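Small disclaimer: the values here were computed from a predicted structure and weren't measured.
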Amino acid sequence: MARRILFATSAVLAVAAATGVVAQMPTFFPGRRTALIEGRVTDVFGNSFVVEHDGERVLVETGPEWHRRVEVGVGERIKAVGRRDDDVFEAFRILHEDGREVTIRTPDGPPPWAGGPSRMPR
């Protein structure tokens, strides 16, 4: 399982590098560790996708698919609340153009998928 996750992450990063995805500094909320990015989805890689934000391409991650599948479509306009971590933007919440809202995790503490699928409540 760990090999599959490592392989999937490596594949996403390789595609992101090949397509020129650049994580840029998103709009930060003063006094908080969270930020907001918004724009059009240009590419989707499973639970990761690229958003065109202020003229830059930002790779947004929403956690592993085995935890929860997050559906976004190419061309869709979204807002994402989360934080920048190295060269990616970790989304806590996705707001779709049609009003749907998906909460992925809270900004505090480890994500609910930490420890792998065997640690998930049944």
Side-chain angles (χ1 to χ4, degrees):
M1 176 56 84
R3 281 190 198 148
R4 274 191 272 169
I5 292 170
L6 180 60
F7 177 76
T9 301
S10 298
V12 166
L13 293 176
V15 170
T19 59
V21 173
V22 178
Q24 59 105 37
M25 195 62 74
T27 305
F28 283 93
F29 298 123
R32 296 187 184 161
R33 295 178 14 213
T34 57
L36 169 73
I37 62 169
E38 57 185 303
R40 230 168 257 291
V41 176
T42 62
D43 301 280
V44 177
F45 315 102
N47 259 15
S48 298
F49 53 93
V50 178
V51 172
E52 186 82 32
H53 171 76
D54 288 342
E56 300 289 335
R57 294 164 51 90
V58 180
L59 180 62
V60 178
E61 292 187 345
T62 61
E65 288 184 70
W66 56 259
H67 174 257
R68 179 180 192 173
R69 177 83 174 118
V70 176
E71 299 287 339
V72 296
V74 171
E76 179 179 4
R77 187 159 185 74
I78 62 105
K79 294 179 182 179
V81 176
R83 74 169 161 243
R84 182 179 180 182
D85 185 20
D86 295 324
D87 291 334
V88 300
F89 186 83
E90 294 180 353
F92 302 148
R93 204 169 35 149
I94 304 292
L95 303 136
H96 293 267
E97 192 171 28
D98 64 6
R100 289 178 295 135
E101 183 175 329
V102 177
T103 299
I104 299 161
R105 60 171 288 196
T106 63
D108 301 317
W113 54 85
S118 62
R119 305 241 1 224
M120 295 297 298
R122 298 188 195 259

Checklist line | Heavy-atom donor-acceptor pair, Arg68 side chain to Ile104 backbone, under 3.5 Å | finding: no
Notebook entry, point to check: For Val60 and Ala91, which heavy atoms make the closest approach, and how far apart are they?
Noted result: CG1-CB, 3.8 Å
Notebook entry, point to check: What pairs with Arg93 under side chain to side chain donor-acceptor pair (under 3.5 Å), at least two apart in sequence or on another chain?
Noted result: Glu101
Margin query: So which atom in Phe49 and which in Ile94 form the shortest heavy-atom distance, rounded to 0.1 Å?
Written below: CZ-CD1, 3.8 Å
Notebook entry, point to check: Going from OG1 on Thr103 to CG on Leu95, what distance comes out if it is rounded to the nearest 0.5 angstrom?
Noted result: 8.5 Å
Notebook entry, point to check: Minimum heavy-atom separation for Phe89 to Val58, with atom names?
Noted result: CB-CG1, 3.8 Å
Checklist line | Spacing of CD1 belonging to Ile37 relative to CZ belonging to Arg84, to within rounding of 0.5 Å | finding: 11.0 Å
Notebook entry, point to check: Between Pro107 and Thr34, which heavy-atom pair has the shortest distance, and what is it?
Noted result: CB-CG2, 4.0 Å
Next item on the list: Establish whether Leu36 and Phe92 are linked, either directly or via other cluster members, by ILVMFWY side-chain heavy-atom contacts under 4.5 Å.
Entry: no
List, one per line, each side-chain donor-acceptor pair under 3.5 Å for residues 69-77, sequence neighbours excluded.
residue: Arg69; atom: NE; partner: Glu71; partner atom: OE2; Å: 3.4
residue: Arg69; atom: NH1; partner: Gly46; partner atom: O; Å: 2.8
residue: Arg69; atom: NH1; partner: Asn47; partner atom: OD1; Å: 3.2
residue: Glu76; atom: OE1; partner: Gly73; partner atom: N; Å: 2.9
residue: Glu76; atom: OE2; partner: His96; partner atom: ND1; Å: 2.3

